[in-house]
Amino acid sequence: MARPAPSPVYTLRGAGAPLNTLHFRCPAGDTPLLFSGSAKGAIHMWDLNSRRAEQVVEAHCGNSVIWLSTLRSGETLISQGRDMQVCLWDLKDGRSEVVDSVWTGSVGFCQCSVLETSPSNFLLAFAGPQTEEIKIVEMPGKNPVCSLVPDAQLGMVMCVQLWKPDSGLGPLLFAGYEDGSLLLWDVTQRSELSRVKAHPEPVMCLTFDPRRLRGVSGSCEKKLSSWMLDSQNNIQLQDCVMLVNPGVSQLRVRDDGRLLASAGWDHRVRVFGWKKLRPLAVLQYHTDMVLSVAFSDHQDPRQRLLAAGSKDQRISLWSIYNQGPDTV
């Protein structure tokens, strides 16, 4: 018999606007937190023990917050808004103060990507003022590293992800473009390593698993495109995963490399086994587009959560496939 459809373990309400982005911070011994960014410029810091907003800050002059992340130390929150600013927040001792900002000049919706290169330094990648431009700066000094512009007209930059291979190469970056192209850039050499046409429509989102050298991307179509990176750093297109309904807002792979979650325009979250992209569950709760998904980073696997943020202004939290062999 088929398993009954799961229900959320709980929901968070009160954001008062569509939830564009979610980010967990669940260090051992500290209060587990979920950060959410809304279309009205509010950043909520949800205490997952009390299930209430521990703090709410008004950010980006009321402009939509489109991306959130924290550094490993847990004391710095990074937010990106539609005011063309990336803000760094000091969270030490319960504070929430903007201590620095970077102007992107981008009018698009491309979310930033961050890569920590040392305990005190990190790279920040973002879409630049020019249509196809990606800028990378080293923080906290804001030192320009490079500006990446393809040699063909691919349209607007839609999504980016920085990562560092184990081979000793410098940082690399995946980028999805408006014409459906997927590019791999060598940040150090400022050069394009590989390019494929992953979708006939704009690449709305992508995620890459450095351990398996495998990624997946989504667009407004009824499918996900799966791809691998070979030993020559060439992107090799693999299988497509067909969806019931078109449109994917975001894709995330769980830290243990066992699950993939997709945020659907059809109000649903879909969960797949990451190894074989086998459909495992369809999570139905929201009454509008799901805009964001995130997996928690709990140290104890039994506590891991999947969060989904929707245009219906609610966040659903799910506990699924935390144990057992059927997630591979």
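Quick note: residue numbers are just sequence positions, from 1. Because the structure is predicted, anything quoted here is derived from the model rather than measured.
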Trainee: Does the side chain of R314 come under 3.5 Å of the side chain of Y285 through a donor N or O and an acceptor N or O?
Mentor: yes
Trainee: Which of these passes side-chain contact (heavy atoms from CB on, under 4.5 Å) with L12: L19, L22, I315?
Mentor: I315
Trainee: Write down the atom of G218, the atom of L224, and the distance for their closest heavy-atom approach.
Mentor: CA-CD2, 4.2 Å
Trainee: For the residue pair E221 and P200, what are the closest heavy atoms and their distance?
Mentor: OE1-CD, 3.0 Å
Trainee: Is the shortest side-chain N to carboxylate O distance from D266 to K222 below 4.0 Å?
Mentor: no
Trainee: What are the two closest non-hydrogen atoms of M158 and P202, and how far apart are they?
Mentor: CE-CB, 4.1 Å
Trainee: When you look at Q303 and C26, which way does the side-chain contact (heavy atoms from CB on, under 4.5 Å) test go after all the steps?
Mentor: CA-CA 10 Å; Q303 295 179 304; C26 306; over 6 Å; no
Trainee: For a 4.5 angstrom cut-off between non-hydrogen side-chain atoms, does L260 reach T207?
Mentor: yes
Trainee: Passes side-chain contact (heavy atoms from CB on, under 4.5 Å), L280 versus I320? Steps please.
Mentor: CA-CA 10 Å; L280 296 176; I320 54 168; over 6 Å; no
Trainee: Whether the S69 and W67 side chains hold a donor-acceptor pair (N or O, under 3.5 Å, no angle test) is what I'd like checked.
Mentor: no
Trainee: Check V293 against A308 and note the closest heavy-atom contact, atom names and distance.
Mentor: CG1-CB, 4.2 Å
Trainee: Cut-off 3.5 Å, side chains only: do H44 and S38 have a donor facing an acceptor?
Mentor: no
Trainee: Which atom pair, heavy atoms only, marks the closest approach of S296 to R304?
Mentor: OG-CA, 3.3 Å
Trainee: Can you check whether W227 and F174 have ring centres sitting under 6.0 Å from each other?
Mentor: yes
Trainee: S249 and C205: which non-hydrogen atoms are nearest, and at how many Å?
Mentor: O-CB, 3.5 Å
Trainee: Would W89 and M45 satisfy side-chain contact (heavy atoms from CB on, under 4.5 Å), going step by step from the backbone distance to the final call?
Mentor: CA-CA 12 Å; W89 302 76; M45 304 177 195; 5.8 Å; no
